[in-house]
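Order of listing sets the numbers, starting from 1, for every ligand and every atom in it. If you're wondering where the values come from, they're calculated on a predicted model, not measured in any experiment.
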Amino acid sequence: MSEPLLEVNGLTTWFPIRRGVWSRTVGHIQALTEVDLVIREGETVALVGESGCGKTTLGRTIVGLECPRAGAMRWRGQPLPGGIRPPALQRQIQMIFQDPAASLNPRLTVLDLLTEALAVHGLLERSREETALQLLADVGMDSSALHRYPFEFSGGQRQRISVARALALKPALIVCDEAVSALDVSVQAQVLNLLMELKEKYRLAYLFISHDINVVRFIADRVAVMYLGRIVEEGPVETVLTAPAHPYTQALISAVPVPGVERRARQILRGELPSPSRPPEGCAFHPRCPRAMDACRLVRPPFRRPLDREQKVSCHLYS
Ligand SMILES: Nc1ncnc2c1ncn2[C@@H]1O[C@H](COP(=O)(O)OP(=O)(O)O)[C@@H](O)[C@H]1O
Ligand SMILES: [Mg+2]
């Protein structure tokens with residue numbers, strides 16, 4: 001197995017809830033709680049879970065757009081600060097967002113978009129045109145794009161430009177936050193294939209945030225399942241998707257039709273996702289869990305690998 005690129009330990013983040021004219025803090029949203037995660041070189045780790053469970057916050061914290069309140073990160077074994085980082089470190093981790101229309105500056109041409117960060121970092125080795133052309137070639141586009149603006153492209157092409165821009169700084173890890181979710185299915189497949197090719201070519205690792213289990217099945221090596229700011233299950237993608245251990249993962253997967261597989265009994269989750277400002281005691285999933293026991297209401301289950309399983313899980317059914 002390759003070296004850990006990124007190690008995340010006990011990562012915890014909360015946001016104040018402010019109310020009224022004085023913006024008084026009336027509570028906290030617990031966005032991430034004690035998150036542990038390892039991403040190895042060249043590996044794709046998918047992060048799944050319902051909207052609002054903390055996926056984007058984890059991605060943003062890893063790229064340094066958000067400062068964690070507690071916990072530690074390491075990059076190739078060295079401490080990785082939260083928030084602003086030295087440029088040499090910052091370059092290593094890039095992010096691609098769901099909506100390239102919002103993340104690409106509309107006033108810059110593709111040439112500028114692809115080369116501005118390199119110029120800022122003083123890393124332009126060749127002319128800006130040559131550099132941009134190489135990046136465009138990497139994402140299957142050509143010189144006709146150079147002097148055009150983001151709005152002149154289709155959604156799929158815009159996302160290719162975002163990928164090219166992320167590649168410019170030669171990162172080792174790219175956080176893809178719902179990067180293909182807004183695209184039509186056929187375009188989605190093209191961009192996914194592109195990401196897979198680039199991963200091989202440049203030995204990239206991805207943290208691939210998605211709510212689409214079938215996309216995750218296609219692209220990921222491992223998958224981590226989040227619920228209310230915590231990782232509740234994590235392991236090889238095949239294992240977690242075909243033999244999920246946590247009742248939450250089971251429900252999440254049972255809701256997804258799998259091509260070629262007879263539909264399993266669909267488990268409907270009871271109730272709403274509880275407010276992250278007041279996560280339930282014990283196991284945070286217990287109010288919605290079809291298999292909740294007394295212990296689940298009182299004691300938080302440890303996150304560990306049961307002897308007969310390949311994945312780690314946080315659930316009293318296995319302790
Ligand atoms: N900047 C912020 N200020 C306040 N609350 C936030 C902020 N960013 C995220 N949150 C809250 O943190 C929780 C996790 O959000 P997010 O990470 O965006 O989840 P996901 O990406 O899984 O949908 C949500 O309850 C969200 O409302
Ligand atoms: Mg999100």
Of V232, V35, I231, the one forming a side chain to side chain contact (heavy atoms under 4.5 Å, CB included) with F303 is I231
Measuring centre to centre across the rings, with the benzene-like ring taken for any Trp, is F285 within less than 6.0 Å of H246? yes
Sorted by chain and residue number, the residues having a heavy atom closer than 4.0 Å to an atom of ligand 1 are F15, I29, A31, E50, S51, G52, C53, G54, K55, T56, T57, P276
The remaining residues in the hydrophobic cluster of L124, counting side-chain heavy-atom contacts under 4.5 Å among Ile, Leu, Val, Met, Phe, Trp and Tyr, are L118, L123, L169
Exercise for review: Classify the angle between the aromatic ring planes of F151 and Y149 as parallel (below 30°), tilted (30 to 60°) or perpendicular (above 60°).
Suggested key: parallel
Excluding water, the protein N, O or S atoms sitting under 2.8 Å from the Mg ion (ligand 2) are T56 OG1
Cut-off 3.5 Å, side chains only: do R69 and T13 have a donor facing an acceptor? no
Under the side chain to side chain contact (heavy atoms under 4.5 Å, CB included) rule, what do T115 and E129 come out as? Steps first, then yes or no, please.
CA-CA 9 Å; T115 54; E129 279 77 8; over 6 Å; no
A164 meets the side-chain contact (heavy atoms from CB on, under 4.5 Å) criterion, sequence neighbours left out, with L114, L135, V139
ask   = When you look at CD of E238, are more than 12 heavy atoms from neighbouring residues, nucleotides or ligands closer to it than 6.0 Å?
value = no
| field | Check against side chain to side chain contact (heavy atoms under 4.5 Å, CB included), Y206 and I96 | value | CA-CA 10 Å; Y206 294 122; I96 304 171; 5.8 Å; no
